[in-house]
Protein chains: 2
Amino acid sequence: MAQKPATLKDVAAYANVSRATAARALNSYGYVGDETARKVHEAAEKLGYRGNRLAQALRNGQLPIIGCILGDIQNPFFARIAHDIEVLARKYRYNLIIGSSEEDLEQEVSLLASLQSLSIRGFIVAPTSDENTFHLERLIEENVPLVLIDRVVKGIECDSVVVDNEGGARKAIEYLIAMGHRRIGLLQDDTRIFTSRERLSGYQSALMAGGITPDDAMISVSQSTVEHAIDATIRLFSQKTPPTALFTVDSLMTQGALLAFRAMGISIPHDVSLVGFDDFNLATFTDPQITVVAQPVSEIGLAAARLLFEKLSGQSSPPQQIRFETKLLIRGSVSRRPEG
Amino acid sequence: MAQKPATLKDVAAYANVSRATAARALNSYGYVGDETARKVHEAAEKLGYRGNRLAQALRNGQLPIIGCILGDIQNPFFARIAHDIEVLARKYRYNLIIGSSEEDLEQEVSLLASLQSLSIRGFIVAPTSDENTFHLERLIEENVPLVLIDRVVKGIECDSVVVDNEGGARKAIEYLIAMGHRRIGLLQDDTRIFTSRERLSGYQSALMAGGITPDDAMISVSQSTVEHAIDATIRLFSQKTPPTALFTVDSLMTQGALLAFRAMGISIPHDVSLVGFDDFNLATFTDPQITVVAQPVSEIGLAAARLLFEKLSGQSSPPQQIRFETKLLIRGSVSRRPEG
DNA sequence: AGACCATGTGAGATCGATCTCACATGCATT
DNA sequence: AATGCATGTGAGATCGATCTCACATGGTCT
């Protein structure tokens with residue numbers, strides 16, 4: 001026989017008071033006599049009473065849950081972000097619902113709608129694309145606290161936390177050019193993704209600043225998984241005149257490229273040089289160690305969560321845009337190439 | 001001016017019907033006239049009506065949310081599991097709340113209580129320890145669907161999905177012994193964690209079966225993070241007579257050990273042999289490639305989620321225990337050691 | 001004595017949804 | 001005509017909590 005959880009009504013009956021009195025005693029508002037309060041607390045403990053948050057939220061407005069819609073938590077970048085947000089949420093006695101958009105706009109829209117119908121109090125979203133921003137606009141209209149993370153969306157005026165993707169990509173390409181590379185490949189994500197576009201832009205502008213005309217044959221598109229990146233790298237380096245260097249736009253793709261090179265018998269940095277965007281645990285343990293553009297992962301999730309909780313605590317401030325710098329960590333995966 | 005979401009009451013007023021009729025029309029139960037239903041649907045669309053799930057859940061019992069309490073989603077093993085559970089949950093139109101116990105029992109208890117007060121419908125839990133199982137027992141008493149994952153707890157009769165940890169550890173140690181190693185180190189997690197205990201047990205029984213007396217000086221305890229594992233490995237290999245081989249009990253610790261060895265100028269497999277529990281993306285790209293005990297990560301989360309949804313769909317079956325086998329993947333991180 | 005305030009309590013309304021059942025209409029059957 | 005059934009509608013109850021305000025008591029001040 002399943003035991004039905006005790007309700008406030010049960011507690012009130014056990015303590016021989018009204019529900020209103022029981023609620024006052026348990027939540028310390030209004031007036032309650034000392035003796036009455038003692039009896040109510042005793043009853044609550046005896047019955048294992050645990051207030052129903054749904055009922056509370058229905059009366060008062062919202063559940064203590066924030067929603068977080070990221071690309072895919074299998075990506076160590078997003079896993080770290082989700083972890084940091086959860087830690088701060090726990091501190092504020094909130095629970096965190098994490099959804100993975102898997103970089104699919106429809107899924108992002110669907111997830112957001114689903115979470116809103118749950119009366120979720122606020123959202124941290126890594127928007128998939130800005131083809132359609134109605135769902136985000138609607139959040140703004142309804143005054144729902146929203147923080148965009150990793151990517152921003154034109155026309156959505158709200159708090160955001162991003163990294164200088166363009167500058168980071170530019171640093172990588174400038175470094176490859178300085179090392180003599182002219183045919184520089186790019187392993188990139190879907191250009192509907194904001195970060196992907198910025199990294200492409202940094203790639204292209206650095207090429208042009210170095211007097212190199214960008215060439216589509218140097219670019220291979222991949223989803224952000226190791227498996228897809230292996231395929232995309234193989235495609236890129238199977239062509240007649242392959243790149244002499246490769247820039248990969250996230251750590252899973254970097255790892256995929258490494259595996260593809262190994263499968264193709266391509267040696268780094270002897271045959272091909274490699275620079276990856278974002279650091280990862282074993283970048284300094286591979287042979288050779290991988291040169292990366294590092295972003296301050298440990299700062300990003302915390303910054304976004306802080307912004308959200310400021311808003312949730314009722315503070316009404318203008319939208320803040322936080323932008324973190326990247327840093328080029330030169331290791332051993334780039335070799336100098338003669339001018340030819 | 002924030003727009004308050006439309007309620008059923010608004011829709012009913014707009015369509016000039018009662019709330020009961022509006023509800024019937026929108027949810028297709030009971031009787032509603034065709035014309036009436038048309039007017040109601042029109043009103044709902046016009047007002048952007050989105051039913052309040054809290055109110056529904058309060059009336060009907062529970063929210064479409066399942067809770068998942070894992071060790072730490074930064075661990076790729078748990079990230080993969082969480083991802084797979086979320087994918088299946090989405091298919092069943094559920095949302096997933098992920099909490100990280102961080103292998104702290106109090107935090108696990110607190111998270112569970114918090115989620116229960118939200119009327120969460122079911123739980124997948126990787127229990128931290130079995131020192132105190134009251135919180136899990138209470139779930140069973142209240143007939144809340146529960147699936148234990150990765151670890152089980154004595155005395156808790158419910159669905160579970162685990163891996164043969166003991167057998168996996170035994171395979172690793174047997175292999176190291178067969179390669180001539182007698183001083184075999186163990187980098188392990190807190191023994192309150194079920195998997196940790198099983199892996200220790202496999203380690204010890206394989207040693208004894210090989211005629212080797214287990215020695216506490218060969219064991220170093222670490223939390224399951226790269227940073228902690230670096231420290232623990234350095235401690236273990238700084239002693240007078242260090243091990244000739246090391247078994248690490250999860251992929252983050254394996255990576256930490258690699259980094260520690262590199263810092264200490266220890267060469268694998270020349271100076272020390274290494275076997276890790278659980279495979280990871282770059283295990284085949286490090287120099288040397290790492291020998292690992294692989295577990296079927298892609299199966300575990302799905303199996304647990306399937307069990308949970310069976311229970312949630314009302315099926316009343318006896319508790320099922322699913323146990324997956326591990327597989328030793330021999331690569332290049334173990335060298336043969338002479339009998340001395 | 002009357003007015004005002006503080007303290008304490010409980011009935012009933014509220015939150016937004018679903019559900020129940022009384023009532024109404026129309027049709028078919030006896 | 002009476003009865004039974006199907007269809008359709010709406011008032012009010014329910015879910016479990018919080019909130020409001022009427023009522024009661026006691027004390028203080030004018």
Side-chain angles (χ1 to χ4, degrees), chain A residues 2-41 43-44 47-65 113-114 116-121 142, chain B residues 2-41 43-44 47-65 113-114 116-121 142:
Chain A
Q3 303 205 21
K4 194 173 81 57
T7 65
L8 184 72
K9 186 173 169 183
D10 301 324
V11 174
Y14 197 91
N16 223 32
V17 297
S18 74
R19 290 168 301 136
T21 301
R24 275 194 298 264
L26 293 175
N27 301 301
S28 306
Y29 65 85
Y31 299 106
V32 193
D34 291 344
E35 176 61 17
T36 303
R38 192 192 57 77
K39 280 180 10 188
V40 171
H41 278 101
L47 297 177
Y49 172 70
R50 182 170 48 204
N52 185 324
R53 289 292 185 80
L54 299 195
Q56 289 171 13
L58 187 59
R59 187 67 169 82
N60 283 348
Q62 293 177 312
L63 287 171
I65 303 183
S114 176
Q116 270 187 286
S117 74
L118 293 172
S119 293
I120 302 293
R121 307 196 81 149
E142 296 179 7
Chain B
Q3 304 203 18
K4 194 172 84 51
T7 65
L8 184 72
K9 187 174 170 182
D10 300 325
V11 173
Y14 196 92
N16 223 28
V17 297
S18 74
R19 290 168 302 132
T21 302
R24 274 193 298 267
L26 292 177
N27 301 300
S28 306
Y29 66 85
Y31 300 106
V32 192
D34 290 345
E35 177 61 16
T36 302
R38 192 191 59 75
K39 281 178 11 187
V40 170
H41 277 100
L47 297 177
Y49 172 70
R50 183 168 52 206
N52 185 325
R53 288 294 184 82
L54 298 195
Q56 290 171 13
L58 187 60
R59 188 66 170 81
N60 283 348
Q62 293 176 309
L63 287 171
I65 303 182
S114 176
Q116 270 187 286
S117 74
L118 294 171
S119 292
I120 303 293
R121 306 195 82 147
E142 297 180 7

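Throughout, a chain's letter reflects where its sequence line sits, starting with A, and its residues are numbered from 1.
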Mind checking whether B:V40 and B:V11 have side chains closer than 4.5 Å, heavy atoms only?
yes

Contact under 4.0 Å: B:Y31 side-chain N or O vs D:dG8 OP1/OP2:
no

Select base, sugar-phosphate, or nothing to describe what B:G51 touches, counting heavy atoms under 4.0 Å on all strands.
sugar-phosphate

Whether A:T36 contacts C:dG8 is assessed here as follows: a side-chain N or O lying under 4.0 Å from the phosphate OP1 or OP2. Is that the case?
no

With side chains defined as the heavy atoms from C-beta onward, is the minimum distance between A:N52 and B:S119 less than 4.5 Å?
yes

Among the nucleotides D:dA17, C:dT18, D:dG10, which one has an atom lying closest to any side-chain atom of B:L8?
C:dT18

Hey, does B:I65 have a side-chain heavy atom less than 4.5 Å from the side chain of B:R121?
no

Could you tell me whether B:R19 contacts a base, only the sugar-phosphate backbone, or nothing, with contacts defined as non-hydrogen atoms closer than 4.0 Å?
base

Assign each of B:R24 and A:G33 to its nearest nucleotide of DNA chain C by heavy atoms, then name whichever residue's nucleotide is nearer the 5' end.
A:G33

Tell me the interatomic distance from B:R38, atom CZ, to D:dG8, atom P, rounded to whole angstroms.
15 Å

Nearest whole angstrom, please: distance from the P of D:dT7 to the OH of B:Y29.
17 Å

Pick the closest DNA chain D nucleotide for B:D34 and for B:A20 by heavy atoms, then say which residue is nearer the 5' end.
B:D34

Starting from P on D:dT14, measure out to NZ on A:K9 and report it in whole angstrom.
8 Å

Round to the nearest Å and state the distance from B:L54 atom CG to C:dG16 atom P.
10 Å

So what does B:R53 touch, heavy atoms closer than 4.0 Å: a base, only the sugar-phosphate, or nothing?
nothing

With the side chain of A:A55 defined as its heavy atoms from C-beta on, choose the nearest nucleotide among D:dT14, D:dG10, D:dG16.
D:dG16

Presence of A:T7 side-chain N/O under 4.0 Å of D:dG16 phosphate oxygens OP1/OP2:
no

Do any N or O atoms from the side chain of A:N27 and from the backbone of A:A23 form a donor-acceptor pair under 3.5 angstrom?
yes

Side-chain N or O of B:N27 versus OP1/OP2 of C:dT18: is the shortest distance under 4.0 Å?
yes

Would you mind reporting whether B:L63 and A:L63 have side-chain heavy atoms less than 4.5 Å apart?
yes

Under 4.0 Å from OP1 or OP2 of C:dA17: is there any side-chain N or O of B:Y49 that close?
yes

Taking CD from A:Q56 and P from D:dC19, how many angstroms apart are they, rounded to a whole number?
10 Å

Are OP1 or OP2 of D:dC19 and a side-chain N or O of A:N60 less than 4.0 angstrom apart?
yes

Would you mind reading off the distance between A:L63 atom CG and C:dC15 atom P, rounded to a whole angstrom?
18 Å

On the nucleotide C:dG10, are OP1 or OP2 found under 4.0 Å from the side-chain N or O atoms that A:T21 carries?
yes

Could you state the CG-P distance from A:L47 to D:dA17, rounded to the nearest angstrom?
12 Å

Tell me: CZ of B:R59 to P of D:dA17, nearest whole Å?
16 Å

4.5 Å side-chain heavy-atom contact, B:L26 and B:H41:
yes

